[in-house]
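Letters A, B, ... mirror the listed sequences (proteins, then strands); counts begin at 1.
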Amino acid sequence: MNQKNKIRVRFAPSPTGYLHVGGARTAFYNYLFAKNQGGDFILRIEDTDQARSTEESLKMVVHDLKWLGLNWDEGPDAITLKDVGAFGPYKQSQRLDLYQAVAQELLNQGLAYYCFLTDEEIEAQKKASEAAGTMAHLVSPYENWPLEKSKAELRNGKTAVVRFKTRELKKDYTFTDLVRGQVTFPSDMVGDFVLLRSDGMPVYNFCCAVDDHLMQISHVLRAEEHLSNTLRQLMIFEAMKWSTPQFGHLSVVLDEDKQKMSKRKGATSCFQFMEEGYLPEALLNFIALLGWSHPEEKEIITIDEMIKTFSTSRLNASGAVFDGVKLKWMNAQYLRALPDDQLWALVKPFLLKANLNLPFGNQQWAYQSIRTFKTHMETLSDAVGLYGLLDDSQFQIQSESSEVLSWEPTKPVLMKWKELLQAHDSETFLESDFLRIENDVKTSLNVKGKNLFQPIRVAVIGKPQGTELKILVPLMSRSSLIDRVEKVLAK
RNA sequence: GUCCCCAUCGUCUAGUGGCCUAGGACACCUCCCUUUCACGGAGGAUACAGGAGUUCGAAUCUCCUUGGGGACGCCA
């Protein structure tokens, strides 16, 4: 714990691609915990793997976090990427001198050493232990070299990594995990691990421990895959006589095959969900419930309510399958709860992007249409198909209409429908206008039921099933309807 | 191979020794509403991985087995 006992948590992604929903969940839990406790939420960028880290990825991650609304108190600014906060820099690639200093200290104390083993030598050891069926840890012949001797080698142009010395520790490390309870690791679970690469770059377990200390992180909520890394970090904390933060290891998010989610099977990045028309609130609500539950088991929960009720004690230790169907349901709930103007503002860009030809300027039409389609949408992109019904250039007689078209009463119904449309004294229709016209067709031809409304539906939307006509027709123009019925009659 | 973590309906979960003949949500099925679809409403089916133990009593505690996941990198 830091001096002021201030709650400080961090989300520490490595910028190697889009923000994964699993990462988003980790970030969100950290955010919720910080806000619940009145603490700070810090964004730290773990970009020490220079081969994979890119500025482009950093921008993507920052963009996605912003879209989700997970604002951080310290870290790279969302727009300029310039560091904000008193504990910077927040990109590990800019903190190299800090890691060097700690490594030097460990070296001086004889708790770490320069290792001159080549890749080939390491590979040979590995092969040998594999052949023996043991997977034994690496043993370095340099572990007890005097520091001066190693430095002389270095001066001669040799390259070396810095390894942490583990073989003399011989004890168990126990800590209380916020989600798993007491966890114990024997020290020989790991071998002498690398602190600094031969180019001076620090390795994850090292910079993570150093930064968590230097940034006065009080609680570390991170993915389960880091559970066994905790041992190495505990060793570093101990060697440096630093107090340790509290750790909590979150369960993994799985796909429907109970495997770790991968890009191969559907959407996994926040960006994809954004593009498909999910609301950030809905995505957040959904992923929060993948491993956490509201004390009263509420399902639809506002961010504020989640902040208010969040507790690590309600975090689940077992893996959770990401159920896209439930996400859709949840998104639909959020969509329906939105006022017409807000929903329209969200839907419109999707329609524009799909190049639909619609009366966008007509606000009354816009709100009327949004009310009509609200209960038919699960995602914003669903609107494209729905509104497409209203775009004349999209009108097509679907193959499933052929049966209806073959019915005997169909043609007379359509003729009458067209006639009454032409007789209508306005270019637009009220719901009552439509019902009256439909009824006139019914009484004048003595046709009812399926034989009546299915032909008309085909003449309006090109297929015998779909949205209710009495709400659809008022969104359409007379000329458009006449045009469509003529197309159907011509078939 | 070694070590670590996990295990309740198909899925997300509630459950911290008696309130559990296991509750909720999504999905599924039936019915109602509706001249289609959807929305909405009412019902229904479905789970404590297996085995030993502790206890008057176990989904809850212990151990074993099985299954799943992770770690064993100059990735994070």
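The P atoms of rC64(B) and rU46(B) are separated by 34 Å, rounded to the nearest whole Å.
Applying the side-chain hydrogen bond (donor to acceptor under 3.5 Å, both in side chains) test to every pair with at least one member in residues 311-327 of chain A, sequence neighbours left out, gives these pairs: S293(A)-R314(A), E299(A)-K326(A), S311(A)-S313(A), N316(A)-S318(A).
Candidate nucleotides rC5(B), rC26(B), rC74(B) were compared by shortest atom distance to the side chain of V194(A), and rC74(B) ranks first. Looking at the side chain of V183(A), the nearest of the listed nucleotides rC5(B), rC72(B), rA76(B) is rC5(B).
Between the side chain of N229(A) and the base of rA76(B) there is at least one donor-acceptor pair of N/O atoms closer than 3.5 Å.
Judged by closest nucleotide on RNA chain B, A320(A) is the one of T467(A) and A320(A) placed further toward the 5' end.
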* Asked: Reading nucleotides 62-67 of chain B 5' to 3', which nucleotides get B (base under 4.0 Å from a protein heavy atom), which S (sugar-phosphate only), which -?
  -> ------
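rA45(B) is unpaired under the criterion used here, namely a Watson-Crick or G-U wobble arrangement in which both key atom distances are under 3.5 Å.
A perpendicular orientation is assigned to the rings of W145(A) and Y142(A), their planes being inclined by more than 60° (bins at 30° and 60°).
Within the 4.0 Å cut-off from OP1 or OP2 of rC74(B), at least one side-chain nitrogen or oxygen of R163(A) is found. Considering only side-chain N and O atoms, K326(A) lies nowhere under 4.0 angstrom from the phosphate OP1 or OP2 of rU13(B).
No more than 12 heavy atoms of other residues, nucleotides or ligands lie within 6.0 Å of CD in Q396(A), so this atom counts as exposed by the packing criterion.
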Identify all pairs in which a protein N or O lies below 3.5 Å from an N or O of nucleotides 45-47 of chain B, and state each distance.
none

